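Here's the structure, in structure tokens; my notes come after.
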Number of protein chains: 2
Amino acid sequence: MHKISGVRIGDNLTDVKVKNRSLVLSLVKKRGLISRIELARITGLTQPTITNIVNELMASNLLQEVGTSDTKAGRKPILLAVNDRAFYTIAISFTRHGFSVALTDLGPNILYRRDSSYSVLENTEIALLELQKEFIHVLEFATSSLRLILGIGVCAPGPLDSDSCTILAHPTFLANKSLDLRPYLQEYDLPIFMMNQADAACLHEIWRGEAKEVRNLIYFMVGEEVGAGIVIDGIIYQGQDRKAGEVGHTSVNLFGPRCVCGNHGCLEMYCNTRAVLDRAREGAWLGKSAYLKDVARRRETVITFLDVIEGAKVGDQFCLGLLHQMGQYIGVGVVNLVNLYDPEQVVIGGECALAQEFLQEPVQNVVSESLLYREYIRPQISFSPWGDEVAILGAASIVLDRFIAGQLGRF
Amino acid sequence: MHKISGVRIGDNLTDVKVKNRSLVLSLVKKRGLISRIELARITGLTQPTITNIVNELMASNLLQEVGTSDTKAGRKPILLAVNDRAFYTIAISFTRHGFSVALTDLGPNILYRRDSSYSVLENTEIALLELQKEFIHVLEFATSSLRLILGIGVCAPGPLDSDSCTILAHPTFLANKSLDLRPYLQEYDLPIFMMNQADAACLHEIWRGEAKEVRNLIYFMVGEEVGAGIVIDGIIYQGQDRKAGEVGHTSVNLFGPRCVCGNHGCLEMYCNTRAVLDRAREGAWLGKSAYLKDVARRRETVITFLDVIEGAKVGDQFCLGLLHQMGQYIGVGVVNLVNLYDPEQVVIGGECALAQEFLQEPVQNVVSESLLYREYIRPQISFSPWGDEVAILGAASIVLDRFIAGQLGRF
DNA sequence: GGTATAATGTTTTTAAAATTAACTAAATTC
DNA sequence: GAATTTAGTTAATTTTAAAAACATTATACC
């Protein structure tokens, strides 16, 4: 059963200690400000135990006392907070169009960031050498705190293998072969952690976003790719081989056209931004949307998702219709996910979240009409407000997550 | 965070003890025969710790020494086994057509069983009084071991509320209102645990079926209902409100006809046995199948799923076609589930499993052609061999599961 | 303004768990 | 039949959180 060679599955006293310290640290991180007595109440641990744990974490410079809060009577509780500057991470995010390297603290706040675009890079090898250069640039910026860097978090669309630090396939030109990133990120021998972009973004929502205290969460990411991050009992679930959450390639029209993945009528074919833009271009071409036709002519460039949102904002009926339809398709995805996972909350993220004001209603309507157990459950559905930055913050959150889980030493 | 009033989320020494005893007991249960030294190796606990735990479990009569096994040299390891007769459970299974009450041991082997059919029961109240009668019958059979009964496990199709021991809705006539079973199962004040039938069957596979050592499992149940049991990291996942796994009501044809649930083109509309039988009856009526036409005429009764299987076995092309198509639809479900959950194994159960020989190939073909990450992962797909008995064995497994998890005292 | 009260947080002692190290037991090998 | 190998146990130790007593710091009320 669960025989993972070298991993203890039985518990001993050290495990108890590690788990309780993780628990306290994560509670302080998620609550922001919290007193010892409240920690004791929430965890069920005794006050002396909390005092001891807090003392240790303060000795490691991870926790700080920051003022007091009020009570009706009696001694005021001392508020504790995580010292975000205790440790740092290197965050690397690959997208379809380029990559970014950043230095973040435990916030994770971005302290320094460098972006590169594939468009100016001739081939994969040149791109990776560029990555190496940018990585070293960031390390140089961090020079005074090098010892405090916990590790490197990498996220990318498409399949990865975190153990071998390899991007197995990438949607744009990097994809020619599987890419082992280790040779390019060797300085200081920092540990590398990799995750799918949806899972990484999900970790960001869990650690400092909209879902900090959610036990069971689906982070539904809809952009050029459609995928999901899954949180079960407060822990991200990636599947047996870290390939879970591919909701974009579940069939929602088994009689529909074949997707590039081999499946028929994949959800992604209906609700990703590319599908919307294909319809937008057609609408512009056929003159169904005066706004989009004008954009296409004036800018002599392709229409973007932001153009569609802009069109909707100025009242263009065709753009409004496009987003309404997109919302309905997203709603279908939400219904399927909720019927399968019964989460407490669904956070909708990715580029589509920029169109929240136009998507919210159709999504909610589809859920109200089609969810199997709508009489009994009503999952909270919200949109991520984090925009583009979620990619790099997600990458940083991978390291943060490993650190707080206690699998990264240091405390 | 996860503040469940009254539940400790921090760990202490007692938690370690309970967890390690649970772990040892579950390992012996799942392995069948195992020595102390192997337990030590698998768990990572030391030999003295295992000795202590085993001594305690033997003192509770839960473990027994049963012979030795061989080694190349040295002392032979003493094999340990769970004493299935140490404790008993009452298992109650509701189906569309009736209910069963049984006494089982920890095997769980069925020691005594009584079945009732709704068809001879006038209304819900009479049915529930019948349930009470049967329950008392079973208790009378168990009279000498009453003290050793751990609890009552109940499974049913449709939504339940385990906390209030209530069937919220039932597909057949019991459904008129939500049913609180407590008044009818009060004798001896046994604890009652309820679960959806797919989840219960899944627990059976985990504890003594085909998936005893699987970390991440999907039990895909296809019969009149279509649902799934989900195992994540060795533990059944039921969702925030125990409504997860409703794969039968995920849309696989969002432009398709409306399902009774409100959603469009639900998977259940394509691959459940009723859908197959509708097509079978039509085929018999239109004379597309000589075999089925003959069955319908000869027996003057409706065609059953077993008839279709029988037809396929004697080479009837129409029946073969029906099952082939059913296999393809099941395959679509499997692909969607695997893309979402990335399990180690998928067990296909329910009435459809009787047609394994005809379904296996089309299911596997769809998976080979449509699974997103077919290059990287190859989940094991198998059919449950447990037939009808899985319902009552599943109900018993609910209690077994709670007991071994340590949430049911006694050890 | 001083005393009772209430709430937070700490120190000291204790109990309970698994570990370590040393040991016993039972088999094979030569 | 002695050396070796493997399984299992005993006794002492370490480490953890709990329990009980205590210290600190605020409000309330006369």
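Predicted model only: the values in this text are computed from it and were never measured. In what follows, chains are A, B, ... by sequence order, proteins preceding strands, each numbered from 1.
B/I78 comes within contact range of the sugar-phosphate backbone alone, with a heavy-atom separation under 4.0 Å but no base atom that close.
Listed candidates were D/dT9, C/dA18, D/dA17. Nearest to the side chain of B/R36 is D/dT9. In the set C/dA18, C/dA6, C/dT8, the nucleotide with an atom closest to the side chain of A/R41 is C/dT8. The side chain of B/P48 sits closest to C/dT20 out of C/dA18, C/dT20, C/dT10. Counting only heavy atoms from C-beta on, B/V16 has its side chain closest to C/dA17 among C/dA17, D/dA17, D/dG8. Set against D/dA18, D/dA7, D/dG8, the side chain of B/N12 has D/dA18 as its closest nucleotide. Side-chain proximity of B/K17 to C/dA17, C/dT28, D/dG8: nearest is C/dA17. Comparing C/dA26, D/dT9, C/dT10 by their closest approach to the side chain of A/Q47 singles out C/dT10. When distances are taken from the side chain of A/L13 to each of C/dA17, C/dT24, D/dA18, the shortest belongs to C/dA17. Here D/dA17 is the nucleotide among D/dT27, C/dT28, D/dA17 with the atom lying nearest to any side-chain atom of A/N20.
What separates CD1 of B/I50 from P of D/dT6 is a distance of 20 Å, to the nearest Å. The CG-P distance, from A/D15 to C/dA16, rounds to 21 Å in whole Å. Rounded to an integer number of Å, the gap from A/E56 CD to D/dT16 P is 8 Å. One atom, NZ of A/K72, and another, P of D/dC29, lie 13 Å apart when rounded to the nearest Å. A straight line from CD of B/E65 to C1' of D/dG8 spans 10 Å, rounded to a whole angstrom. The nearest whole Å value for the distance from the NZ atom in B/K76 to the P atom in C/dA27 is 7 Å. The nearest whole Å value for the distance from the CG atom in A/L39 to the P atom in C/dG9 is 9 Å. Here D/dA17 presents its C1' atom at 15 Å from CG of A/N55, a figure rounded to the nearest Å.
Closest approach of B/L217 to B/C202, counting heavy atoms only: CD2-SG, 4.0 Å.
Position along DNA chain C of the nearest nucleotide to A/T71 versus B/T14 favours A/T71 as the more 5'-ward residue. Along DNA chain D, the nucleotide nearest to A/A73 and the one nearest to A/N52 differ in position, and the one closer to the 5' end is contacted by A/N52.
Not one side-chain nitrogen or oxygen of B/T51 sits closer than 4.0 Å to the OP1 or OP2 atom of D/dG8. Remark: B/T46 is not in phosphate contact with C/dA18, judged by side-chain N or O atoms under 4.0 Å from OP1 or OP2. Between D/dT9 and B/R75, no contact under 4.0 Å exists linking OP1 or OP2 to a side-chain N or O.
Remark: A/L203 CG to A/I404 CD1 distance equals 10.5 Å, nearest 0.5 Å.
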(message) Could you go through B/E205 and B/S384, starting from their C-alpha distance and side-chain angles, then the distance that decides it, and tell me whether this counts as side-chain hydrogen bond (donor to acceptor under 3.5 Å, both in side chains)?
(response) CA-CA 8 Å; B/E205 297 290 351; B/S384 169; 2.7 Å; yes
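Counting only distance, with no hydrogens or angles, the side chain of B/N216 and the backbone of B/P343 share no donor-acceptor pair below 3.5 Å.
Ring geometry for A/Y237 versus B/Y341: interplanar angle of 30 to 60°, hence tilted.
No more than 12 heavy-atom neighbours from other residues, nucleotides or ligands sit within 6.0 angstrom of CG on B/D189.
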